[in-house]
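Contents: one structure, followed by commentary.
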Amino acid sequence: MAQDMTEKELLKMELDQLKKEVKNERQMISKTGKEIKEYIESMVGEDPLLKGIPEDKNPFKEKGGCTIS
Amino acid sequence: MCDQTFLAIVFGLCDKCSKEKPLRPVYIKSEQLSYCSLCVEMMATEGLQENETLASLKNEAESLKGKLEEERAKLHDVELHQVAERVEALGQFVMKTRRTLKGHGNKVLCMDWCKDKRRIVSSSQVCHCVDEHAVTMPCTWVMACAYAPSGCAIACGGLDNKCSVYPLTFDKNENMAAKKKSVAMHTNYLSACSFTNSDMQILTASGDGTCALWDVESGQLLQSFHGHGADVLCLDLAPSETGNTFVSGGCDKKAMVWDMRSGQCIQSFETHDSDINSVRYYPSGDAFASGSDDATCRLYDLRADREVAIYSKESIIFGASSVDFSLSGRLLFAGYNDYTINVWDVLKGSRVSILFGHENRVSTLRVSPDGTAFCSGSWDHTLRIWA
């Protein structure tokens, strides 16, 4: 547990982690950023909070109004 | 005639090696001991080694961090908002509170949606299941709560250091507390919990600096995740298509991505200036956002292995407590300690809208499973549903 470890043990843990991470494979942002953008563009049509829902279809709209009988 | 100085040498058993040798007095932690000269030498060099080791570890860590930054910088060929330059700007947003839920008598600390998109579980000092049937679960100081994927149970925990599962029943005669099952045991408070893809496993994060995966039925610890240097405050599971990983954020300012099967940390990010209160995966699973006490939210791209956007404004000086994405990932909703909710354009990095309504800190925020609304919980004792 982090709370029980000495400064030395915490440093060692960090060091081991860093050694592993330096070896990770990485991709260019021009590529990955583009993919994020494309994902968004493909999903935008389905995003209710983005395009809004007509009031009558909104499930959270307060039910109110009167009925005339 | 010169004065003669005599050195009195004491022979005896060395306190360290127990050999019969000439002894010298040494003071360790203000206690006087007698060591032979060999042991005195060894002790002196050990002390030196100890300090050297700490300093050399620190140096090694610094140089590795530098190397990591270099490697990451090589891929930083472009900014996210540059990639998104041609994307249409978002129009005006009209988001209003549609419902205000006042069932709690205390600060709301956490909430979660049921997969049926209509029910919510929320927690405070006493755990409530809020929907048409307001059920009270007798647990105290509940900092984390989660709905099971089936909708048939909830998990919660907090200062009791445990995560307990309560099967839901709407039979008012049944005593909820009787069916409680203690699943997780940490050595410090429970800060976050989440069911995995089934009702059978729970992932927890704790003030003891670890995360853990538990089997609900047996209460057995399946995997533990060590790596944070301080309290872990939040976690989020990757969307199921992208496999068995999750991200956690902590008081050590780090966000760490873990492999659930091996228990190994795959990637870690340390760009925030303060505690990370909330982490949330981007809908495609290739990135995640974080909200921190340093008043910023940030987006980290997992494949580029770096932070790719910061969502901040000079006028925002209070910590962000909770973040979540809209369905497409275009919007990032963030709740802050200054009682507001800011809505950010994920691609362009600009703020789209600011929502007022809560009368105290916003402590928790989640978008509904179908993306039609989001719910915010606050220290003002209420939950608000916005759409």
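Throughout, protein chains are lettered first and strands after them, A, B, ... in sequence-line order, and every chain is numbered starting at 1. All heavy atoms count here, side chains included; hydrogens, waters and symmetry mates do not.
Contacts of Ala287(B) with chain A are made by side-chain atoms alone, with heavy-atom separations under 4.5 Å and no backbone atom involved. Proximity to chain A is limited to the side chain of Val367(B), based on heavy atoms less than 4.5 angstrom apart. Only the side chain of Leu347(B) comes within less than 4.5 Å of a heavy atom of chain A; its backbone N, CA, C and O stay farther away. For Glu46(A), the parts lying near chain B are the backbone and the side chain together; criterion is any non-hydrogen pair under 4.5 Å. Neither the backbone nor the side chain of Leu302(B) has a heavy atom closer than 4.5 Å to any heavy atom of chain A. Looking at Glu9(A), there are no atoms closer than 4.5 Å to chain B (heavy atoms on both sides), in backbone or side chain. Both the backbone and the side chain of Lys37(A) have a heavy atom closer than 4.5 Å to some heavy atom of chain B.
The candidate from Glu79(B), Lys67(B), Gln82(B), Arg72(B) with the greatest count of non-hydrogen atom pairs under 4.5 Å with chain A is Arg72(B). The greatest number of non-hydrogen atom pairs below 4.5 Å with chain B, out of Met43(A), Gln17(A), Lys34(A), Glu41(A), is found for Gln17(A). Heavy-atom pairs under 4.5 Å with chain B were tallied for Ser42(A), Gly45(A), Gly33(A); the largest tally goes to Gly33(A). Most heavy-atom pairs under 4.5 Å with chain B, from the set Lys19(A), Arg26(A), Glu35(A): that is Arg26(A).
Here Lys74(B) does not pair with Glu70(B) in a salt bridge; the nearest charged N to carboxylate O distance is not below 4.0 Å. Checked for salt-bridge contact, Arg330(B) and Asp345(B) meet the test: a charged N lies under 4.0 Å from a carboxylate O. Ionic pairing of Lys58(B) and Glu7(A) is present here: one or more N-O contacts between side-chain nitrogen and carboxylate oxygen are shorter than 4.0 angstrom.
Contact annotation: the side chain of Met185(B) never approaches that of Asn161(B) to less than 4.5 Å [non-hydrogen atoms, C-beta and beyond]. Inter-residue side-chain proximity for Leu365(B) and Cys375(B) is flagged as unmet; no heavy-atom pair is nearer than 4.5 Å. Using a 4.5 Å cut-off on side-chain heavy atoms (C-beta onward), Leu57(B) and Leu15(A) make contact. Residues Glu270(B) and Lys65(B) are in side-chain contact: their nearest non-hydrogen atoms beyond the backbone lie under 4.5 Å apart.
Taking the six-membered ring for Trp, Phe325(B) and Tyr281(B) have ring centres at least 6.0 Å apart.
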